[in-house]
Engineer: 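Questions regarding the structure given below will be posed in turn.
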Amino acid sequence: MSDPFAWLEPALETLRRAHWYRQPTPSGAPGAIVTVGEPPRPLINFCSNDYLGLANHPKVKAAAIQAIEQWGTGATGSRLLSGQRLLHRQLEGAIARWKGTEAALVFSSGTAANLGTIAALVDQRDLVLGDAYNHACLKKAARLTHATFYEYPHNDVAALAQLLDTHRSQYRRCLILTDGVFSMDGDVAPLGEIVALAETHSAMVLIDDAHGTGVLGAHGAGTLAALGQSSPTVIQMGTLSKALGSLGGYIAGSQALITYLQHRASTWIYSTGLSPPDTAAALAALDQLQTDPSLRLALQERIHQLEKGLQQLGCPLLPRPLPTPIFCLPAPDPATVLQWGEKLQEAGCWVAAVRPPTVPFSRLRITLRADHTPEHIDQLLAALAALLKCC
Ligand SMILES: Cc1ncc(COP(=O)(O)O)c(C=O)c1O
């Protein structure tokens, strides 16, 4: 018998030759300074999505530990069987109040929230329209539904309007998908215009606000709140794993939507409930960020400092209507961005070198945290200035 896996090594070799080969780097407990690699060395952390520093916050950790003591480590089953705990109801109630929606539902990851919700809302009779820079799990979900799926160029509202004018009337339902804050670019979707189009064309909108959650808007309620928008056409999705420092995803919307998802979202129905420590950590983080605005304010100060510094260095930045903690610095090719990442590590800064196929073009992805000091940002700017001089 010939080896049915003989194709694997050549496939990996192709990835290596294209500089697309990837390996996870081990790192220590999250903080502004983090130990990275083997042997571990301390670097300034410009690599995590822990924007408010809550993943290692004493109150959040204490809540997770207390939940383990009271409820154990696992939910032990699907929420519809043995996996429902009081904590889930508390977290879902807190998310709904925070987002200003009738109800919310938590999933075991943001990916599960998107896949389950999108597949529950549309099928081959329907139309899905999505931004070309959307997160990979939105794209994957759209393709799995068997709906007709078109992408529009990044943030191009005129192109979205054109697609709606041309195609909407031929389909039963229409769903528009957009990130709120684009995860790899750091810019923001024109949600006001998208929602207005959705209302005229009787379309649903799902906003993936993984990176706006906890960071933007009053009490960190997200991108939609920051832009002063609300609409019954909107479904707000977010993650518990970024600014909330835990794990999981949520959908916030009308009570009818949430009840429907409890009956039709397969990644919720057929998956074990979110674990007690993850649920309790998210609940404590939500309380912390709502009661302590100093974290968001500190983050915004660092964002403005870096924005100004990058402009002084002449770095091309996408228009940023809202201050987000994600910065994208384009690189000419995958090999170069890897070298840039190594040089920055030599200068004491840990920055993600992101390459295709995750993104259409290679870039440094810099993320900021509330616990960065002005000196951390200065050190990064000095390292970037040295990098740009020798390139
Ligand atoms: C925009 C966006 N949506 C969804 C996800 C998926 O979330 P999770 O990691 O909880 O599966 C991510 C995670 O990186 C993301 O950046």
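We count residues from 1, following the sequence as given. Both counts, for ligands and for their atoms, begin at 1 and track the order of listing. Hydrogens, waters and symmetry mates are skipped; everything else that's a heavy atom, side chains included, is used.
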Engineer: Flag this pair as yes if the NZ/CZ of Arg369 is under 6.0 angstrom from the six-membered ring centre of Tyr51 and inside a 45 degree cone about the axis; otherwise no.
Structural biologist: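 The answer is no, since Arg369 fails at least one limit relative to Tyr51.
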Engineer: Between Gln236 and Asp208, do the side chains contain a donor N or O and an acceptor N or O under 3.5 Å apart?
Structural biologist: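 The criterion, which ignores hydrogens and geometry beyond distance, is not satisfied for Gln236 and Asp208.
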Engineer: Test question: given the 4.5 Å side-chain rule for I, L, V, M, F, W and Y, name all other residues clustered with Met1, or answer none.
Structural biologist: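 Taking Ile, Leu, Val, Met, Phe, Trp and Tyr as members, Met1 stands alone, with no cluster partners.
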Engineer: Could you check whether Thr148 and Tyr171, counting side-chain N and O atoms only, form a donor-acceptor pair closer than 3.5 Å?
Structural biologist: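 Their side chains do contain a donor-acceptor pair, which is all the 3.5 Å distance test asks for.
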Engineer: Using a threshold of 4.0 angstrom between heavy atoms of the protein and any atom of ligand 1, which residues qualify?
Structural biologist: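 Ser109, Gly110, Thr111, His135, Cys137, Asp179, Ser183, Asp208, Ala210, His211, Thr239, Ser241, Lys242, Gly248.
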Engineer: Name all pairs fulfilling the side-chain hydrogen bond (donor to acceptor under 3.5 Å, both in side chains) condition that reach into residues 133-143, sequence neighbours left out, sorted by first residue then second.
Structural biologist: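 Counting only pairs at least two positions apart or across chains, the side-chain hydrogen bond (donor to acceptor under 3.5 Å, both in side chains) contacts touching residues 133-143 are Lys139-Glu151.
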Engineer: Tell me which pairs pass side-chain hydrogen bond (donor to acceptor under 3.5 Å, both in side chains) where either residue lies in residues 86-97, with sequence neighbours left out.
Structural biologist: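 Those involving residues 86-97 are Arg79-Glu92.
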